[in-house]
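What follows is one structure encoded as structure tokens, with my remarks underneath.
Chain identifiers are assigned alphabetically (A, B, ...) following the order of the sequence lines, protein sequences preceding nucleic acid strands; residue numbering begins at 1 within each chain.
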Amino acid sequence: MQIQIYNTLARQKELFVPQDPQRVTMYVCGPTVYNYAHIGNARPVVVFDTLYRLLQQAYPNVIYVRNVTDVDDKINAAAKAQGVPIGTITERYHAIYSQDMAALGALPPRIEPKVTQHIGAITGMIERLIANGHAYEAEGHVLFNVPSFAEYGRLSRRDRDDMIAGARIDVAPYKRDPADFVLWKPSPPDLPGWDSPWGRGRPGWHIECSAMIEQNLGTGTIDIHGGGHDLIFPHHENEIAQSTCAHGGRLFSRYWMHNGFVNIESEKMSKSIGNVLLVHDLLKQAPGEAIRLALLSAHYRQPLDWTEAGLREARAQLDRLYRALDGLKDVKPSVTRAPETFLAALADDLNTPRALAELHQIANAANKATDAAEKARLKGELLAAGWLLGLLQQDPAAWLKGDVNADIDVTEIEALIEARKAARARKDWAESDRIRDQLAARGILLEDKAGQTNWRVAS
RNA sequence: GGUCCGGUGGCGGAGUGGUGACGCAGCGGACUGCAAAUCCGCGUACGCCGGUUCAAUUCCGGCCCGGACCUCCA
């Protein structure tokens with residue numbers, strides 16, 4: 001399979017050629033665990049999970065690393081506000097994060113490194129950068145010296161003057177150059193800190209990722225580095241500077257991928273507007289699978305407008321797809337590979353809208369199929385294609401009957417269906433329709449098919 | 001100001017130098033006791049103005065509108 005990836009470094013699609021096809025490596029910037037994840041945090045998780053699934057289809061050994069940032073000033077603030085140690089905050093929210101992302105169908109990454117377990121790697125890397133002349137100590141801080149790296153600005157296509165002109169924060173007096181950024185900063189006694197050659201302190205944000213990549217994937221070139229669009233500058237630019245300079249100029253990552261942002265009902269999601277949607281809350285309103293489909297319904301590089309209508313539509317789409325699968329419930333799938341048209345869509349820079357269109361085509365063919373062999377093939381294709389998107393792996397009946405309201409139970413539904421069947425047998429249409437309406441009023445929809453009556457929950 | 005991305009039918013959203021992806025909603029038909037589901041069909045969409053071309057929504061130029069980023073926000 002030939003995979004095309006839009007490489008931010010080149011600003012164009014490129015053929016994906018891994019450094020070593022036997023060991024494909026991907027690193028994605030993960031969460032800072034101090035709060036519930038919002039829908040914007042979920043997009044890269046779902047997008048790169050889909051890429052992970054595709055890569056696994058194409059390569060035997062894909063090492064996907066997604067970090068957990070468990071040292072951060074926002075964590076410190078949350079711990080202080082709640083009067084608990086930072087570990088209490090980070091463990092709590094990491095656990096919630098893992099649950100919520102699993103509910104969205106995201107596979108766990110192969111490696112999930114934590115910053116607190118990589119302090120040695122961080123200080124080691126900083127020491128090398130100082131020895132190389134790329135970093136320096138000043139007033140308890142260690143800073144990366146940006147002018148020492150000629151390529152700085154290549155990823156974000158900024159030149160130094162712009163960066164300085166655009167700086168919104170007063171330049172600290174100890175910086176040699178206004179663009180220099182912090183690798184290590186001192187910690188007062190009331191904040192978490194680790195002993196280092198530069199005194200007790202904690203790592204800057206950017207160095208964490210460089211060090212975790214180095215410790216988990218080595219000092220060689222990684223294949224894919226991903227994250228949100230906003231991370232291009234400064235975070236990824238700085239990672240490139242740190243890792244390239246610490247690795248003797250070796251290429252850091254072959255491909256850089258960035259997902260677009262999520263807006264909420266056409267507005268930017270922000271705390272000040274008060275429209276931040278937490279995955280944890282959305283999961284109470286809709287199945288994780290519907291949320292996932294909604295996130296995959298636009299191409300990953302485009303902005304995604306999150307709306308209630310969009311979520312409803314995602315649910316309706318899944319109803320249709322699961323109904324097709326339900327129609328094949330007695331069929332044994334005969335293939336385990338998605339059709340080429342579907343794979344081609346995903347392999348074209350993860351074109352999930354096109355892949356979804358192909359999925360609907362398969363469902364349509366499945367609904368029409370009468371030949372047993374064709375049904376068996378289509379069922380296999382539906383399941384295999386669904387797996388690549390992280391969809392359609394539930395029992396169709398479980399999806400269609402899943403959210404039965406507490407005020408009605410299955411026995412009662414089935415008793416009413418039996419009563420209706422009897423009424424229909426004696427052509428008592430008034431009674432038959434009365435029962436159907438009664439169930440509909442309680443959110444249960446009936447479908448008469450081939451002499452049988454199926455029911456499902458209205459979505 | 002700099003860097004970058006968009007403007008496609010009622011809605012979402014792909015894509016393409018020349019048969020209107022796909023889904024949701026709607027309408028008509030088949031099926032059904034009637035429905036639902038399913039299947040079939042329908043809607044003359046490509047921001048504006050020029051240019052290139054036999055042909056542009058698709059390429060080029062200009063304009064208008066919207067959005068993102070510009071030192072720690074996915």
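Atoms CD1 (A:Ile240) and P (B:C72) sit 18 Å apart, rounded to a whole Å. Between A:Phe233 atom CZ and B:U71 atom P the separation is 7 Å, expressed in whole Å. For A:Ile362 and B:C22, the CD1 to P distance is 14 Å, given to the nearest whole Å. In this structure, the CD atom of A:Glu237 is 13 Å from the C1' atom of B:C69, given to the nearest Å. With rounding to whole Å, A:Tyr152 atom OH is found 12 Å from B:C70 atom P. Atom-to-atom, CG of A:Asn263 to P of B:G12 comes out at 13 Å; the value is rounded to the nearest Å. Remark: C1' of B:C72 and CG of A:Asn76 are 14 Å apart, rounded to the nearest angstrom. In this structure, A:Phe342 places its CZ atom 15 Å from P of B:G23, rounding to the nearest Å.
Applying the salt bridge (charged side-chain N to carboxylate O under 4.0 Å, His left out) definition to pairs two or more places apart or across chains, those involving residues 200-209 of chain A are A:Asp73-A:Arg202. For residues 106-117 of chain A, the side-chain hydrogen bond (donor to acceptor under 3.5 Å, both in side chains) pairs, not counting sequence neighbours, are A:Asn61-A:Arg110, A:Asp70-A:Thr116, A:His94-A:Glu112. Within the structure, salt bridge (charged side-chain N to carboxylate O under 4.0 Å, His left out) contacts touching residues 295-309 of chain A (residues at least two apart or in different chains) are A:Arg301-A:Asp349.
The distance from the CD1 atom of A:Ile111 to the CG atom of A:Asn216 is 4.5 Å, given to the nearest 0.5 Å.
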Polar pairs (N or O, both sides) under 3.5 Å between protein and nucleotides 15-18 of chain B?
residue: B:G15; atom: OP1; partner: A:Asn351; partner atom: ND2; Å: 3.2

Protein-nucleotides 57-61 of chain B N/O pairs closer than 3.5 Å?
none

Write out a two-atom table: protein N or O, nucleotide N or O from nucleotides 4-7 of chain B, distance below 3.5 Å.
none

**Asked** Can you give one letter per nucleotide of nucleotides 31-40 of chain B, 5' to 3': B if a protein heavy atom sits under 4.0 Å from the base, S if only from the sugar-phosphate, - if neither?
**Response** --BBBBSSSS
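Look at A:Phe261 and the base of B:A68; the rings do not stack under the cut-offs of 5.5 Å between centres and 30° between planes.
A:Val68 has its side chain out of reach of A:Thr90: every pair of non-hydrogen atoms, C-beta onward, lies at least 4.5 Å apart.
Ranking B:A14, B:C22, B:A74 by closeness to the A:His38 side chain, first place goes to B:A74. Listed nucleotides: B:G23, B:C73, B:A14. Nearest to the side chain of A:Pro353: B:A14. Here B:G2 is the nucleotide among B:G13, B:U71, B:G2 with the atom lying nearest to any side-chain atom of A:Arg158.
A donor-acceptor pair is defined here as one N or O able to donate and one able to accept, closer than 3.5 Å; no such pair exists between the side chain of A:Asp281 and the backbone of A:Leu278. With A:Thr307 contributing its side chain and A:Gly310 its backbone, the two residues share a donor-acceptor pair below 3.5 Å. Checked by atom type and distance alone, the side chain of A:Thr69 never pairs as donor or acceptor with a backbone atom of A:Val71 at under 3.5 Å. Of the possible donor and acceptor atoms, none in the side chain of A:Asp348 sits under 3.5 Å from a partner among the backbone N and O of A:Asn351. Remark: the backbone N or O of A:Ser210 is not paired with any side-chain donor or acceptor of A:Gln242 at under 3.5 angstrom.
Backbone-only engagement by A:His360 is indicated by non-hydrogen atom pairs under 4.0 Å involving sugar-phosphate atoms exclusively. Residue contacts for A:Val262: at a heavy-atom cut-off of 4.0 Å it reaches a base atom on one of the strands shown.
In this view, A:Arg11 satisfies the salt bridge (Lys or Arg N to Asp or Glu O under 4.0 Å) rule with no residue, not counting sequence neighbours. Take A:Asp49 and apply the side-chain hydrogen bond (donor to acceptor under 3.5 Å, both in side chains) test, not counting sequence neighbours, and it matches A:Arg53, A:Arg292. For A:Lys80, the salt bridge (Lys or Arg N to Asp or Glu O under 4.0 Å) partners two or more places apart in sequence, or in a different chain, are A:Asp190. Partners of A:Glu431 under the salt bridge (Lys or Arg N to Asp or Glu O under 4.0 Å) rule, at least two apart in sequence or in another chain, are A:Arg434.
The aromatic rings of A:His229 and A:His258 sit perpendicular, their planes meeting at an angle over 60°, well past the 30° parallel limit. Note on ring orientation: taking the six-membered ring where Trp is involved, the planes of A:His134 and A:Phe144 are parallel (angle under 30°, cut-offs 30° and 60°).
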**Prompt:** Dot-bracket for RNA chain B, 5' to 3', counting Watson-Crick or G-U wobble pairs under 3.5 Å, with [ ] for crossing pairs and | for inter-strand pairs?
**Reply:** (((((((..(((.....[...))).(((((.......)))))....(((((..]....))))))))))))....
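Rounded to whole Å, the separation between the P atoms of B:C22 and B:U38 comes to 16 Å. B:A45 and B:A21 have their C1' atoms separated by 13 Å, given to the nearest Å. Between the P atoms of B:U57 and B:C46, the separation comes to 8 Å (whole Å). Nucleotides B:C49 and B:G43 are separated by 29 Å at their C1' atoms, to the nearest Å. With both ends at atom C1', the span from B:C59 to B:U53 equals 10 Å, rounded to whole Å. Going from the P atom of B:C72 to that of B:G61 covers 35 Å, rounded to whole Å. Here the separation of B:G66 from B:C27, taken at their P atoms, is 36 Å to the nearest Å. Comparing the P positions of B:G9 and B:C4 gives an interatomic distance of 28 Å, to the nearest angstrom.
Taking a 6.0 Å sphere around CD of A:Gln2, one finds it holds 12 or fewer heavy atoms contributed by other residues, nucleotides or ligands. More than 12 heavy atoms of other residues, nucleotides or ligands lie within 6.0 Å of NZ in A:Lys185, so this atom counts as buried by the packing criterion.
The pair A:Arg323-A:Asp326 does not meet the salt-bridge criterion, since no charged nitrogen lies less than 4.0 angstrom from a carboxylate oxygen.
A sub-4.0 Å separation between OP1 or OP2 of B:C69 and a side-chain N or O of A:Lys268 is present.
Nearest-nucleotide positions on RNA chain B for A:Asn41 and A:Leu304 put A:Leu304 closer to the 5' end. Position along RNA chain B of the nearest nucleotide to A:Ala298 versus A:Gly227 favours A:Ala298 as the more 5'-ward residue.
The base of B:G23 sits within donor-acceptor range of the side chain of A:Glu313, with an N or O pair under 3.5 Å.
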